[in-house]
Each structure stands twice: as structure tokens, then as C-alpha cells.
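When reading the values below, keep in mind they use all heavy atoms of this one structure, side chains included, and skip hydrogens, waters and symmetry mates.
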Amino acid sequence: MSLLRKAAEFKAFLGRAWALALPYFQSEEKWKARLLLASIVALNLAFVYTLVLFNEWNRFFYDALQEKNYPVFIDQLIRYTVLAFIYIIIAVYRFYLTQHLEMRWRAWMTRHYLQRWLDHQVYYHLELTRYAAPGPDQSPDNPDQRMQEDLKLFTTATVGLSMGLLNALVTLASFVGILWTLSGEFTFTWSGEEFAIPGFMLWVAILYCAIGTVLTHYVGRRLIPLNYEQQRREADFRHNLIRVREYSEAIALDRGERVEYQQLNLRFGHVLSNYVKLIDAQKRLTMFTASFSQASTVFPFIVAAPRFFSGAIQLGTMMQIASAFNRVQDSLSWFIDNYDALAAWRATTDRLTHFESAIRKAQQSTPLQHDATTAGLQASELNLDLPTGSRLLAHTALQVQPGDSILLSGPSGSGKSTLFRALAGIWPLASGRVALPASSMFIPQRPYFPNAPLRDALAYPEPATKYDDETLKQALRDALLPQLVDQLDVTDAWSQKLSGGEQQRLALARVFLKKPTWIFADEATSALDEEAEKTLYSKLMAMVKASNGAIVSIAHRQTVATFHSLRWTLEKRSDETVAMFRLRQA
């Protein structure tokens, strides 16, 4: 039963691997991809044919040596030179075209997954639910590593292993007949009767490799889970190194270097501990495969030696037998020789199929209907859930008319920011219906700025060429950032170079630049002093009033509250044992 289950699991795995590989060969690049693949297959077939010619050459060359036939010896050297030249040309172009196929395939898959990862905020949904569902349904860790490293490993290993398997099968088919013909019969006597085994060397090669294959799987079966775990731990270590760079200022202010070193060292220790296990498993496998390979070098000579010393065959025939035996044995030993690579390929494929299924799941989770309207904000039957599965808001209705200014308040953790995300249409754990004016802009508490020229960071995500320099500079002045007016063409890491208050002012400069009719601000001025906050909110209110729009803000300061005529408050429901809230509008 266990064997049947493993066979079913392996069949399912091959189906997943095929589903990953097939889209490229059905894409807009399918004809180039198929032509490259066909050329590589043809070169591999030609490569095997040259091996058959070399095998035949062995017999003539060594017979000439045994018979001291100098003219034939010279002829065979010339023949060898021609065969070697053809062999080299085939080997070079087989490598060249294989590398091109791997490169084009990786490029297509990377663009394909980047687009799907970024579309419909899938990147946000995956990160949001990463720790919410432990077990097989958990969102994949480190999607950056899967797209940067795993895709490269998958395309390279898939092409390499598939072409290697093709070579092995064609070589086996080409040399089986040769070995069968050259082997002759092996005769022995048992209980007074004489028996003959035709093609004896072929059966020896099959038995030899069958035993080696079974033992290889037994010795190396731990490599698959260890390779999977190694990739996960390496990615986790790299992710935490990047976090230190992102939060370098906060860590420096807290003097957190010792703690960060301990945490990084702990994660690197996890990398090393698994790597030690991986090395031990590879050592055992290498010990067996190296022993198997060394034994196979002399094994055909040992088996064929009695016929040679009896005079039944000449040296050339013996060398041809040994060559054919080694080709057949190499073909049958493909699994043995590539077990380590197969284990790494399976681990990579499993990580990518997990990533693929998570993307599909995220793309399908869109129960919240989000529509555009000109009549104002309207939400009905709005339900919000947390990643943990608990419900935050149930059957909530909202309405904002042009000219309204609303302050959303409530205790920490009540879901104010979550409600904003749902209104923006990015919260995946929501249902109901939301209608929002098209000219709306959401301002987060921690804005994002690309590492690019300041003009691009200001206009993001629109192209900076849409605005002239004077318009960009005026937006900076309106946001109380006159010191940045002359730095439009300066490229920097603005999220690290600017202070928290400057970052919030730069985010507001975007608002003044784009002039949306409706504004949703989530603690957008929390890092500003009260005077700057008052000045900027006055400008925001004047802008939405002039365009007959509205503003909805999350804030705790009374200075912000004075700019709003209505208040929404999230209150915990007294009839609920869980943390469910209700929205009170006043």
C-alpha cells in the first residue's frame, strides 16, 4: 500500500511539474521555444550517433594495434580526427542552444510570475496571510527568492535533466543491440545440463544498474526534504538581512545591533544545521555512487576476460564490448548519477507549485464588489475579517456625500486601517459592496517611495514626465518641503534619507500634485508638529472643498478633529465574546 501511495504521489508531482513547464511552450514565444527545443533534441541525437561511431572506431583501432597494422592505424587516426571535430561542433552548439533556451524560458517565467504576483495586489494578500494559516495552506515564504532563484533552478534543471534523460534513452536504444550482438552466449552447466544465456553482457549490465538504482534511492532519499528545507532557511536568512537594511535607522537609534546579531546568527545557525545534515546525506550518496562508478570501469573487462584469453575475441572486440557496456551502463545509471540533482529539482518544483497555488488562490479571493461612482462613497453589507479568521465588522453600511469631512476614531486594534483598506479595495478578507468616486486617493501612515530621482518618487506611480518642473516644485512648496525643490533629479533612497515627518509631507506633496477630489488619510500627519499639521490640513480641506469632494481621516489629535464635521467611531460590541466592533456614525 505504501508503494502504491508513493507511486500516486510521484505521478501527482510529475503532473504539477508538467503544469509549470507547459505554459512557456504555449505562450506567445511558443514557436521560438519549440524550435530551440527541437534543435537541441536533434543535436542530442546527433551526439549519441557520434558515440556509436566512436564505439565502432574502437574495434578497428585496437585491432590495428594488436595486429601492428600501421596503414590501418593511420587511417583510424584520421577517422578519429574527423569524428572528434564533429563531436566538438555538436557539443558546443548543443551547449549554446541549451543555454539560450534556459535563458529565454527563465526570462518568460520571471516576467509571467512578476506580473501575476503584482496584479490584483496578490503580493499584499500573500504577505498578509503568510502567518495566518499554518500548515500546507500557509502562504509561501519569501516570494522574492522563488522568483529570483527557484525559477532559475527550475528552468536550468528541467532542461538539463530532460535532455540528459533523452540522451540516456537514445544511447540505451543505440547500444543495446551492439552489446547484445558482441556479448555472444554465456554457457554453464547445472545438474548435468548445459545452459546458454544469449546477450549475457546486456543482462549483466541491466542487473548491475538495477541493484545500483535501488541502493541509490535508499541511500539518498533524505536529500529531497533536506534540499527543500535548505532553500527555505537560506531565503529566511537573506530576508532578515534585508530587514536590517530597511530598518537601519530604527535599529541604530535603539542600539539594537547586539539583538540583531543574535537573531541573524540564530537564523544562520539554522542554515548551517540543515546544511550539515545535507552534507552528511550527500557524503553517503557520493560514497556509494563513486564506488559504483569505479567498479563499472573494470567490471566489463572482468566479465569479458575469459572470452578474450580463450581467443574467442580480439582486443578490438573486447574494447568495443567494454565501450558498449559502459554506454549501456551509463544510460541505465542515469538515475544514480543524477539523484542529487533530481532531489534538488524536486524541492525547487515543490516550492514553485506551492507558490503557484497560492497565487491562484489569492487571485480568486475577490468577494468584495468594488465599483466606481460619482455620487460619493457608498458601502453596504460590508463584512471585514482578520487573517486569524475572526470577524471585525459585520453587515455595516456607510455613506459619504460630497462636502463631508469625516473623522474615523476608535481604540487601537479596532480595525480603522483595515476599514480603509477595504474601502480602497485591497483587503482580501472582506465581502459586501463598495462604490467609490474614481478621483480618490488614499494616503497611508507609512508612504512608499521608490529609490529613484525625486521627481519619480513624487509622481509615483504615474510617470514624472506627465508634470512640468514648476508643477512638481509647487507641490513640494505646498507640502512645506522647499529644501527639496532643487533636488528633482537627485536619485536616493528617500524612505531612508528623509525623516518620518518629511516622508509624510512628501506623500502629501503627491496629493497636491495630483489634486484628487476625494481624500482618505490614515494618520497621514502623525509625524508632523501641530503647526505643520494645521497648515497642511487647511490646504487639504480647501482643495476638496473647491472640487466639491470629501475627506475621511483617521487621526488621534484634536487639531485634526477640528477640521471634520462628522465622526465615525468603532466601538466593541458588548454582546460579542470575540473582538467584533460596530460603527457608530454621528
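Looking only at side-chain heavy atoms (C-beta outward), Lys32 and His100 stay at 4.5 Å or farther from each other. A heavy-atom distance below 4.5 Å is found between the side chains of Met109 and Thr155. The shortest side-chain heavy-atom distance between Trp108 and Pro23 falls under the 4.5 Å cut-off. Residues Glu149 and Arg238 are in side-chain contact: their nearest non-hydrogen atoms beyond the backbone lie under 4.5 Å apart. Side-chain contact check for Trp334 versus Leu169: every heavy-atom pair is 4.5 Å or farther apart. A heavy-atom distance below 4.5 Å is found between the side chains of Ile211 and Leu207.
Residues Arg116 and Glu356 are paired through a salt bridge, judged by an N-O separation under 4.0 Å between the basic side chain and the carboxylate. In summary, Glu234 and Arg351 do not engage in a salt bridge, as defined by a charged side-chain N under 4.0 Å from a carboxylate O.
Remark: Leu278 CG to Ser273 OG distance equals 11.0 Å, nearest 0.5 Å. From Asp75, atom CG reaches atom CZ of Phe73 across 11.0 Å, with rounding to the nearest 0.5 Å. A distance of 11.0 Å separates CG of Asn55 from OG1 of Thr171, quoted to the nearest 0.5 Å. To the nearest 0.5 Å, atom OG1 of residue Thr465 and atom CG of residue Asp456 are 8.5 Å apart. The distance from atom CG of Leu285 to atom CZ of Arg222, rounded to the nearest 0.5 Å, is 13.5 Å. Atom CD of Gln231 sits about 9.5 Å away from atom CG of Asp350, to the nearest 0.5 Å.
Considering every non-hydrogen atom in both Ala84 and Phe54, the closest pair reads N-CZ, 3.9 Å. Nearest heavy-atom pair across Thr50 and Ile86 is CG2-CG2, 4.1 Å. Shortest non-hydrogen contact noted between Ala459 and Ala464 is CB-CA, 3.8 Å. Nearest heavy atom pair, residue Ile40 against residue Leu97, reads CD1-O, 3.6 Å. Across every non-hydrogen atom of Ser174 and Val52, the tightest pair is CB-CG2, 3.7 Å. Between Trp494 and Pro453, the closest heavy-atom pair is NE1-C, 4.0 Å.
Remark: Arg346 qualifies as a cation-pi partner of Phe13 under the 6.0 Å distance and 45° angle criteria applied to the six-membered ring.
Residues forming a ring-ring contact (aromatic ring centres under 6.0 Å, His included) with Trp57 (at least two apart in sequence, or on another chain): Phe61, Tyr80. Here Tyr448 pairs with nothing under the side chain to side chain donor-acceptor pair (under 3.5 Å) rule; sequence neighbours left out. For Arg106, there are no side chain to side chain donor-acceptor pair (under 3.5 Å) partners, not counting sequence neighbours. Under the side chain to side chain donor-acceptor pair (under 3.5 Å) criterion, Glu462 pairs with Lys466, Tyr467, sequence neighbours left out. For Leu22, the side-chain contact (heavy atoms from CB on, under 4.5 Å) test picks out Trp18, Gln26, with sequence neighbours left out. Listed by chain and number, the residues in a ring-ring contact (aromatic ring centres under 6.0 Å, His included) with Tyr261 amount to none (sequence neighbours excluded). Every side-chain contact (heavy atoms from CB on, under 4.5 Å) that Thr158 has, sequence neighbours left out, goes to Trp105, Phe154, Trp345. Taking the ring-ring contact (aromatic ring centres under 6.0 Å, His included) definition, one finds that Phe47 meets it with Tyr87, sequence neighbours left out. Scanning for side-chain contact (heavy atoms from CB on, under 4.5 Å) contacts around Glu102 gives Thr98, Gln99, Thr156, Val159, with sequence neighbours left out. Considering only residues two or more places apart in sequence or on other chains, Gln262 meets the side chain to side chain donor-acceptor pair (under 3.5 Å) condition with none of them. Among residues two or more places apart in sequence or in another chain, the ring-ring contact (aromatic ring centres under 6.0 Å, His included) test is passed with Phe268 by Phe237.
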Check your understanding: What's the verdict on side chain to side chain contact (heavy atoms under 4.5 Å, CB included) for Asp492 and Leu454, showing C-alpha distance, side-chain angles and the deciding distance?
Key -> CA-CA 8 Å; Asp492 214 326; Leu454 179 60; over 6 Å; no

Practice item. I would like to know whether Met163 and Val41 meet side chain to side chain contact (heavy atoms under 4.5 Å, CB included); could you show each step before the answer? Key: CA-CA 7 Å; Met163 290 301 105; Val41 169; 4.1 Å; yes

Check your understanding: Under the side chain to side chain contact (heavy atoms under 4.5 Å, CB included) criterion, do Arg284 and Leu223 qualify, and how do the steps go?
Key -> CA-CA 11 Å; Arg284 292 191 292 270; Leu223 283 173; over 6 Å; no

Review point. For Trp117 and Arg146, what are the C-alpha separation, side-chain angles and deciding distance, and is it a side chain to side chain contact (heavy atoms under 4.5 Å, CB included)?
Key: CA-CA 11 Å; Trp117 181 60; Arg146 305 203 182 201; over 6 Å; no

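Panel note: side chain His125, backbone Ile426; a donor-acceptor pair is recorded below 3.5 Å. The backbone N or O of Arg232 sits nowhere less than 3.5 Å from a side-chain atom of Asp236 that would complete a donor-acceptor pair. A distance-only check finds a donor-acceptor pair linking the side chain of Arg233 to the backbone of His270 [under 3.5 Å]. Ser27 places a side-chain N or O within 3.5 Å of a backbone atom of Tyr24 that can act as its donor or acceptor partner. At least one donor-acceptor pair closer than 3.5 Å links the side chain of Asn274 to the backbone N or O of Leu226.
Pairs passing the salt bridge (charged side-chain N to carboxylate O under 4.0 Å, His left out) check and including a residue from residues 172-181, sequence neighbours excluded, do not occur.
For CZ of Arg446, the number of neighbouring non-hydrogen atoms (other residues, nucleotides, ligands) closer than 6.0 Å is 12 at most. Applying the 6.0 Å contact sphere to CZ of Phe335 captures more than 12 heavy atoms from other residues, nucleotides or ligands.
Under the 3.5 Å distance criterion, with hydrogens and angles disregarded, no donor-acceptor pair is assigned to the side chains of Arg111 and Gln115.
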